[in-house]
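Working notes, structure below.
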Amino acid sequence: MKVRIKFQKYGAMKFIGHLDVMRYFQKAFRRANVDNEYSKGFSPHQIMSFAAPLGVGLTSDAEYLDASLLSCEAPEVMIEKINGVLTEGFRVIDFRILKEPEVNQKIIHAMALVSSADYLVSLKDGYSISETIQSQEDFIKAFEGFMKQAEIIITKKTKKSEQAVDIKPMISLVAFSQEDYQDKLSKVLHETVKVPDYFEKNPESKADLYDNGIKVFLQVDTGSVANLKPELVMEAFFEYLGLAYQPFAFQVHRLELYTRLDGKILPLDLYSDIQYS
Amino acid sequence: MRKLALSDEILLTVEKPARYIGGEVNMQVKNLDEIDIRFCMCFPDVYEIGMSHLGIQILYDILNRRNDTYCERVYSPWVDLDQIMREKNIPLFALESQDPVKNFDFLGITLQYEMCYTNILQILELSQIPIYAKDRTEEDPIVIGGGPCTYNPEPIADFFDIFYIGEGEVAYNELLDIYKQCKKEGKTRKEYLEQVAQVRGIYVPAFYDVKYKEDNTIESFVKNNPLVPDKVKKQVDMDLSESFYPTKPLVPFIKATQDRVVLEIQRGCIRGCRFCQAGMIYRPNRERSLEYLKKCAYEMLRSTGHEEISLSSLSSSDYSQLQELVYFLIEEFGSKGVNISLPSLRIDAFALDVMSKVQDIKKSSITFAPEAGSQRLRDVINKGLTEEVILEGAGKAFQSGWNRVKLYFMMGLPTETFEDIEGIATLSEKIARKYYELPKDQRNGKVNIVTSTSFFVPKPFTPFQWSRMDTSEEYLEKQKYLREKINEQRNRKSIKFNWHEAELSVLEGVFARGDRRISKVIYDAYKLGCLYDSWSEHFKYDLWMQAFQMNGIDIAFYNSRERSEEEIFPWDFIDTGVTKRFLYNEYKRAKSEKVTPNCRQNCMGCGAKLFGGGVCFEEDFGQTMMEVSHEG
């Protein structure tokens with residue numbers, strides 16, 4: 001059976017890269033005695049895949065991994081079992097058994113589903129954007145000006161070439177407070193998601209909070225079709241202000257990963273329920 | 001949430017930040033308010049190497065069993081962070097609490113290989129602890145060294161307050177108890193050192209003076225403090241069968257060199273290869289019980305989640321219950337996706353059966369360590385592996401489908417001739433030919449032989465401690481000769497030849513048998529910029545040569561000189577149980593090409609029997625006498 005596990009990654013664990021997180025979960029499943037399915041051959045490995053790997057330095061409330069199990073207990077039992085062997089900085093918050101697809105249909109892995117992601121980008125204490133941007137109000141004004149541009153052109157560098165890209169269409173939501181964010185999000189979420197419930201049942205966020213209060217919620221395209229890193233948005237913002245980008249000034253925290261359905265978006269964990277219904 | 005010693009900016013700038021954040025699975029967390037003694041355990045190399053070391057895991061476990069002690073860890077910062085810490089004056093910190101090491105009571109440094117010596121100075125300097133022991137005050141941690149290199153601690157004696165000679169399981173508790181008592185009574189650092197120097201296995205270099213003769217050899221080595229012993233006796237854990245084993249080893253986030261459960265099945269070795277220091281200093285050979293090992297394997301796999309388990313010992317084939325243990329591991333864990341990694345086994349029917357079960361024959365290779373190219377020289381070094389056994393083992397392996405063979409040799413062994421070296425090439429060739437004796441349809445493509453040579457370095461407490469070591473010029477000449485000889489073989493295209501750098505071995509030779517005068521060379525080399533010497537990309541031979549010159553120290557005195565029977569060695573004050581008389585007798589037997597039987601065949605009275613256990617007192621002593629004594 002296939003399961004989808006949602007977990008948080010925070011604190012010092014932001015320094016652990018994606019491949020090491022994979023190894024970490026493989027070992028954690030063994031410690032928790034999870035009945036994983038293994039590939040065949042002389043060096044068998046657990047069958048699992050991750051959605052949209054998180055970069056080093058970022059924290060998250062919504063990491064997803066799909067795994068194949070031979071057997072499992074009730075989701076709440078599994079969550080407790082796995083959390084019992086995790087170290088500080090990792091916490092499982094959801095565990096779902098994916099519905100078996102119809103004959104001739106394949107399970108779509110989380111990896112292939114991702115279309116967009118929400119991030120909270122906060123200015124770390126000890127850093128300053130500029131002398132004129134000292135408060136959240138100053139920041140909002142500047143960022144709104146940035147977003148009002150007809151297009152936001154950045155240069156994307158690949159190994160072979162440089163390419164000018166307009167990233168504005170890839171930013172689908174901008175908010176400056178939790179309320180504002182929830183409000184805007186409710187308008188784009190798929191109708192099967194009961195928005196108030198969704199926010200209520202979400203566990204406490206592990207995002208780091210900073211005294212300066214300067215922050216922005218961003219929803220950006222993510223995945224194989226179009227992919228925009230929130231760091232690139234901030235880099236473009238600095239360029240718009242005519243300032244040198246400070247790569248370590250912001251803490252980027254992932255809030256959710258979505259897939260697209262009927263022109264709306266749906267969190268990955270909720271997708272499985274309706275996928276084959 | 002745990003606070004980190006380094007800022008995000010630094011951690012996101014350096015390579016592999018996970019080296020510095022701690023927080024690993026099975027890390028010990030203690031409340032500092034309930035702690036009397038803070039101990040920082042150090043492996044002076046990069047995190048991935050240090051985390052792979054079993055000894056530290058054992059000590060970490062033992063020390064943390066004490067409620068009054070919190071043992072934490074520190075490893076060498078990699079060169080990128082080293083530079084940042086110096087620029088920003090950041091003190092080196094322990095991984096657990098992220099507190100500066102200089103605030104600890106003890107800094108324990110494990111000394112696993114000589115080429116880590118400059119890294120010790122880096123640890124001290126970055127910790128902001130005076131590099132020389134004589135400059136330390138009541139505020140500084142007690143710096144203590146342990147591990148195999150303490151069997152000649154003299155080249156680094158000036159940097160340490162204490163050396164602990166022997167197996168850590170035994171005396172650490174006493175060391176800490178005395179410390180706690182001294183602290184309570186308000187005693188000074190010197191008073192503590194005096195008291196602890198009376199504990200068996202403890203060596204406090206400051207309490208001993210060395211005088212040299214005009215020819216630079218040692219005239220006398222005497223204590224300058226009436227309270228301390230004349231000789232320091234090695235400490236051994238004689239109840240190894242069920243003693244301390246860390247059933248909850250730490251599991252790093254990043255891939256360590258040993259990313260697996262390591263099961264130490266025995267300590268010591270019955271073989272008595274004359275070049276091997278471990279085989280002499282860890283005498284007597286002691287086995288852990290099968291039932292205990294089974295239990296450990298379960299618990300460790302469970303607590304770590306590792307997907308691989310490997311056995312550790314000097315000569316696994318000599319472990320009396322190896323077959324039971326290995327088949328147990330395969331049956332019990334093989335089906336659960338756990339790989340069984342086998343140590344170098346003597347290649348026989350059992351080994352081939354096991355290997356075919358746990359490895360992909362197409363991808364794996366079989367390994368032999370003949371160490372020397374001719375039977376004559378193998379007799380000199382007492383390596384009881386014969387050509388017949390190698391060819392038979394290789395033949396069987398080829399029949400079972402293997403086509404890759406790894407061979408390990410040493411060059412520069414005492415009495416070595418060019419004929420012996422040529423033997424390396426011809427033995428490699430004979431193995432290749434053995435493969436082509438198989439009918440064509442039974443072969444699995446071409447045969448692939450990797451012949452590796454390292455340079456022999458004479459070590460203290462071995463029969464070759466008197467022996468002259470080759471110069472790097474001599475080494476290079478031999479290497480070139482072997483290259484030519486391999487090229488003359490019919491199957492030369494199937495033989496790949498690897499070799500070690502000669503320059504590193506030269507330094508290793510000096511540190512292995514050096515005296516206290518070498519401390520200054522190490523200090524100067526470090527100040528000139530030497531660090532991570534065991535990493536070839538960081539090894540700076542010319543700077544080392546400069547440091548030797550600055551101090552007027554002649555490398556040839558330490559390496560290229562045959563020592564006389566009467567010479568006082570810098571390490572003579574250590575009593576390992578194995579007597580100097582036995583070692584010298586072995587040296588004489590080596591020169592007359594006489595093989596010495598292993599401990600199970602016949603006791604040669606090396607002296608280790610006085611420890612009162614292990615192989616020296618095995619009941620079925622006589623029965624195993626007839627066992628074949630060849631190992632691969």
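So that the names make sense, note that chain A is the first sequence line, chain B the second, and so on, each numbered from 1. Atoms considered below: every heavy atom in the structure, side chains included; atoms not considered: hydrogens, waters and symmetry mates.
For B:Thr304, the part lying under 4.5 angstrom from a heavy atom of chain A is the backbone only. If you measure heavy-atom distances from B:Val358 to chain A, the contacts under 4.5 Å come from the backbone alone. Both the backbone and the side chain of B:Ile254 come within less than 4.5 Å of a heavy atom in chain A. Both the backbone and the side chain of B:Leu12 have a heavy atom closer than 4.5 Å to some heavy atom of chain A. Of the atoms belonging to A:Phe25, not a single heavy atom falls under 4.5 Å from chain B. Of the atoms belonging to B:Glu308, not a single heavy atom falls under 4.5 Å from chain A.
Against chain B, the residues from residues 244-256 of chain A that qualify, each with a non-hydrogen atom under 4.5 angstrom away, are A:Phe248, A:Gln251 in number order.
The number of heavy-atom neighbours closer than 6.0 Å to NZ of B:Lys446, taken from other residues, nucleotides and ligands shown, is 12 or below. Around CD of B:Gln442, the count of heavy atoms belonging to other residues, nucleotides or ligands within 6.0 Å exceeds 12. Within a 6.0 Å radius of CD in A:Gln178, other residues, nucleotides and ligands contribute more than 12 heavy atoms. In B:Lys294, the NZ atom is crowded: over 12 heavy atoms of neighbouring residues, nucleotides or ligands sit closer than 6.0 Å. The neighbour count for B:Gln28 CD, taken as heavy atoms of other residues, nucleotides or ligands under 6.0 Å away, is above 12. By the neighbour-count criterion of 12 heavy atoms within 6.0 Å, atom CD of A:Gln134 is densely surrounded, having more than that number from other residues, nucleotides or ligands. In the displayed structure, A:Lys81 atom NZ is contacted under 6.0 Å by more than 12 heavy atoms of other residues, nucleotides or ligands. B:Glu15 CD: more than 12 foreign heavy atoms inside a 6.0 Å radius.
Proximity of a side-chain donor or acceptor of A:Arg30 to a complementary backbone N or O of B:Gly337 within less than 3.5 Å is detected.
The pair B:Arg2-A:Glu88 fails the salt-bridge criterion, with no side-chain N (NZ, NE, NH1 or NH2) lying under 4.0 Å from an Asp/Glu carboxylate O. Look at B:Asp8 and A:Lys124 and you find a salt bridge, because one of the NZ, NE, NH1 or NH2 atoms lies within 4.0 Å of a carboxylate O, short of that distance.
Interatomic distance, CZ of A:Phe15 versus CD1 of B:Ile21, reported as 7.0 Å (0.5 Å rounding). Atoms CZ and CZ, on A:Arg23 and B:Phe253 in that order, are 10.5 Å from each other to the nearest 0.5 Å.
The candidate with the highest count of non-hydrogen atom pairs below 4.5 Å against chain A, out of B:Met27, B:Lys16, B:Lys255, is B:Lys255. Considering only heavy-atom pairs separated by less than 4.5 Å from chain B, the leading option among A:Val21, A:Asn36, A:Asn33, A:Leu19 is A:Asn33. Among B:Thr13, B:Val251, B:Asp259, B:Leu4, the residue with the largest count of heavy-atom pairs under 4.5 Å with chain A is B:Asp259.
Looking at heavy atoms from C-beta onward, B:Asn339 lies in side-chain contact with A:Pro44 at the 4.5 angstrom threshold. Under the 4.5 Å side-chain criterion, counting only non-hydrogen atoms from C-beta, A:Arg31 is in contact with B:Val25.
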Side chain to side chain contact (heavy atoms under 4.5 Å, CB included) between B:Lys336 and A:Tyr38, worked out: CA-CA 9 Å; B:Lys336 293 170 190 155; A:Tyr38 282 83; over 6 Å; no
Go through the steps for B:Glu24 and A:Tyr24 under the test side chain to side chain contact (heavy atoms under 4.5 Å, CB included), then give the verdict. CA-CA 10 Å; B:Glu24 304 96 329; A:Tyr24 178 84; over 6 Å; no
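Between B:Ala18 and A:Ile16, the closest heavy-atom pair is CB-CD1, 3.6 Å.
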